[in-house]
Amino acid sequence: MDDLEREIEPLEDPDDDDDEDDDSEDHSSKGGKKAKPPLVNPMCVVSPKETGFHQSTRTCLERIREALLHHRWQEASEYMACYPQMLEDPTNGKAQQYKELIWRISTEILHHHPNSKIEDYNNIYERMKNSGVRHYLMICLEHSFHLMLNGHIEDAKLQMSVAESWRHGKESASQLQTTKLIQAYRSLLDYIIWCDKKSTHSDSDYTDSSDNQDMHNYFRQASVNLKEILRNPGVWDPFILSYVEMLDFYEDHEQALQILNDYAYDSNFPPNPNAHVYLYQYLQRHDHPDKKQIKVLKILHVLVPSHELMLEYGSFLLQSEKNGDTQKALGVILEMLDFACWRDNLDVWKHLKTIIQKLQLQEDWKNAVSELMAVRKDWWPALHFTNFHASKDSAENPELMSVKASLTKILCPDLNLKYAAGSSGEQT
């Protein structure tokens with residue numbers, strides 16, 4: 001809408017600047033009186049540099065804006081049918097800006113218009129592609145998304161393929177990143193078609209070698225660009241998962257694991273907790289040694305100490321025979337409970353109780369607990385053990401109330417907490 005505001009403003013007259021300077025001098029010389037805010041000019045003002053054509057198109061754009069603001073989509077579409085004539089103005093020095101404006105507004109209207117059809121989208125996208133080269137690739141990408149969301153997967157892939165092969169001198173060189181994105185999404189469409197064929201193949205009662213070959217062809221096509229993704233640092237979660245699923249299907253476990261390891265540990269990539277989640281889930285799914293799984297969860301704990309997989313990390317540490325791992329498990333679960341999202345989770349509190357029960361078998365367990373609670377004693381009671389929490393837990397989850405109540409004296413032995421069922425009043 002800001003773009004519409006800018007376009008609606010009339011052409012500026014250089015002489016107006018001088019008048020404004022004079023006015024500012026007059027205001028500053030009037031004994032320190034505050035200058036009055038300027039009046040808002042009408043949207044469509046006749047300017048010496050504007051022709052009747054300019055005024056008409058500006059008025060048309062203002063009407064479009066009003067229709068959009070009030071969700072009058074039919075009215076907006078009628079005005080929009082006239083506005084593209086702005087592109088035919090030989091005196092217009094902002095043709096590219098108007099092209100993008102027409103593209104954005106047209107698709108917005110079609111998105112909300114109750115009678116819009118896929119053909120209408122295709123017409124506007126094709127028209128805007130042929131109007132210039134600056135936004136060609138992004139229009140192709142958006143066109144493909146729309147086709148894909150409406151189930152036209154093959155048509156979407158065709159649009160991606162056309163865009164992928166598009167070349168236009170310096171423009172194509174300046175849009176290299178967009179080209180890479182299109183290549184990635186084209187491979188994602190190959191993956192979607194591969195999934196459809198896999199599903200059809202698994203539901204059939206007989207095996208057709210031609211179907212298997214067709215599936216494998218889509219796998220190879222998708223692999224070509226998906227392999228290249230790891231050469232371009234970024235967050236590529238859906239693409240990585242698609243590639244790994246296909247590799248897993250063809251039992252290329254070594255390559256799948258290599259892809260996930262590179263995605264998680266390559267220092268050129270930005271820190272991405274999901275990369276470690278995907279790696280851990282793959283190791284777990286294929287029964288890799290606990291040692292490897294713990295290594296992945298340890299890094300995830302550093303990145304996201306509140307992640308739900310920290311329960312599993314705590315379980316691994318609790319089962320470990322190493323000295324100090326039980327105390328590490330206690331630290332992991334306490335860090336989860338530092339976050340309000342886990343405050344009412346019964347499983348986390350049960351896990352905490354289990355860890356403390358095992359820790360109590362050691363002689364110095366009190367020191368271990370107090371060491372970890374020292375930095376929490378000033379704010380943990382307000383987060384977990386107030387009268388309000390007691391009343392809420394007692395009413396909504398009595399089992400949670402019981403578990404928490406059994407831990408108050410262990411976690412906060414020096415505080416007189418009034419965490420009791422049915423209590424109410426001020427926070428402790």
Side-chain angles (χ1 to χ4, degrees), residues 157 160-161 164 176-199 201-202 211-305 307-317 319-320 322 332:
K157 183 187 173 184
M160 291 284 192
S161 298
E164 189 177 2
L176 182 60
Q177 293 299 323
T178 307
T179 303
K180 291 178 180 178
L181 192 62
I182 286 174
Q183 291 171 346
Y185 274 109
R186 202 265 295 163
S187 297
L188 195 62
L189 287 173
D190 285 327
Y191 160 76
I192 293 173
I193 298 172
W194 178 86
C195 286
D196 290 340
K197 293 188 176 295
K198 184 184 73 166
S199 178
H201 179 67
S202 62
D211 290 341
N212 287 336
Q213 184 60 42
D214 198 23
M215 265 184 65
H216 196 72
N217 287 339
Y218 280 104
F219 162 67
R220 287 190 294 103
Q221 291 174 24
S223 299
V224 171
N225 286 325
L226 291 176
K227 278 183 180 178
E228 298 297 317
I229 285 178
L230 287 176
R231 298 184 181 180
N232 299 280
V235 178
W236 299 99
D237 291 359
F239 306 96
I240 294 295
L241 288 178
S242 302
Y243 191 27
V244 168
E245 181 183 342
M246 290 188 290
L247 290 171
D248 217 19
F249 179 82
Y250 291 110
E251 299 184 351
D252 191 352
H253 304 304
E254 183 177 347
Q255 178 67 12
L257 187 58
Q258 183 63 47
I259 291 293
L260 289 171
N261 271 299
D262 290 344
Y263 191 50
Y265 297 124
D266 192 330
S267 60
N268 292 320
F269 281 72
N272 182 4
N274 287 343
H276 300 278
V277 173
Y278 303 148
L279 178 57
Y280 168 73
Q281 291 173 340
Y282 189 86
L283 295 173
Q284 186 184 46
R285 193 161 61 244
H286 292 278
D287 298 322
H288 282 256
D290 290 352
K291 184 177 180 180
K292 289 185 177 181
Q293 297 183 46
I294 291 173
K295 178 184 176 183
V296 178
L297 291 176
K298 183 178 180 180
I299 298 175
L300 181 61
H301 174 250
V302 174
L303 296 174
V304 190
H307 198 281
E308 60 185 352
L309 287 178
M310 293 306 100
L311 268 178
E312 296 184 31
Y313 183 37
S315 296
F316 276 123
L317 293 172
Q319 296 166 12
S320 172
K322 288 184 178 180
V332 168

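In what follows, every heavy atom counts, from backbone to side chain, and hydrogens, waters and symmetry copies are set aside. No experiment lies behind these values; they were computed from the predicted model shown.
Atom CZ of Arg220 is separated from atom CE of Met215 by 13.0 Å, given to the nearest 0.5 angstrom. A distance of 5.0 Å separates CG in Asp237 from CG in Asn272, rounded to the nearest 0.5 Å. Taking CG from Leu279 and CD1 from Ile240, the interatomic distance works out to 11.5 Å, rounded to the nearest 0.5 Å. Taking OH of Tyr191 as the reference point, atom CG of Asp196 lies at 10.0 Å (rounded to 0.5 Å). Atom CD in Glu312 sits 10.0 Å away from atom NE2 in His307 (nearest 0.5 Å). Atom-to-atom distance recorded for Gln255:CD and Leu257:CG is 10.0 Å, nearest 0.5 angstrom.
Smallest separation of non-hydrogen atoms from Pro238 and Leu188: O-CD1, 4.1 Å. Residues Ser187 and Gln221 come closest through the heavy atom pair OG-O, 4.2 Å. The two atoms that bring Ala184 and Trp236 nearest to each other are CB-CZ3, 4.0 Å, heavy atoms only.
Asn261 is linked by a side chain to side chain donor-acceptor pair (under 3.5 Å) to nothing, counting only residues two or more places apart in sequence or in another chain. For the salt bridge (Lys or Arg N to Asp or Glu O under 4.0 Å) test, residues two or more places apart in sequence or in another chain that qualify with Glu228 are Arg231. Applying the side chain to side chain donor-acceptor pair (under 3.5 Å) criterion to Asn232, with sequence neighbours excluded, gives Lys180.
Tyr263 and Tyr278 have their aromatic ring centers separated by at least 6.0 angstrom.
In summary, the side chains of His253 and Tyr282 do present a donor paired with an acceptor at a separation below 3.5 Å, with no hydrogens or angles considered. Side-chain contact check for Gln258 and Asp262: at least one donor-acceptor pair (N or O, by modelled atom type) lies under 3.5 Å.
In this structure, Gln183 contributes its side chain and Glu164 its backbone to no donor-acceptor pair below 3.5 Å. For the pair Ser223 (side chain) and Phe219 (backbone), a donor-acceptor distance under 3.5 Å is present.
Taking the six-membered ring where tryptophan is involved, the planes of Tyr250 and Trp194 are tilted, since the angle between them lies from 30° to 60°. Aromatic ring pairs are classed by plane angle as parallel below 30°, tilted from 30° to 60° and perpendicular above 60°; the pair His276 and Tyr265 is perpendicular.
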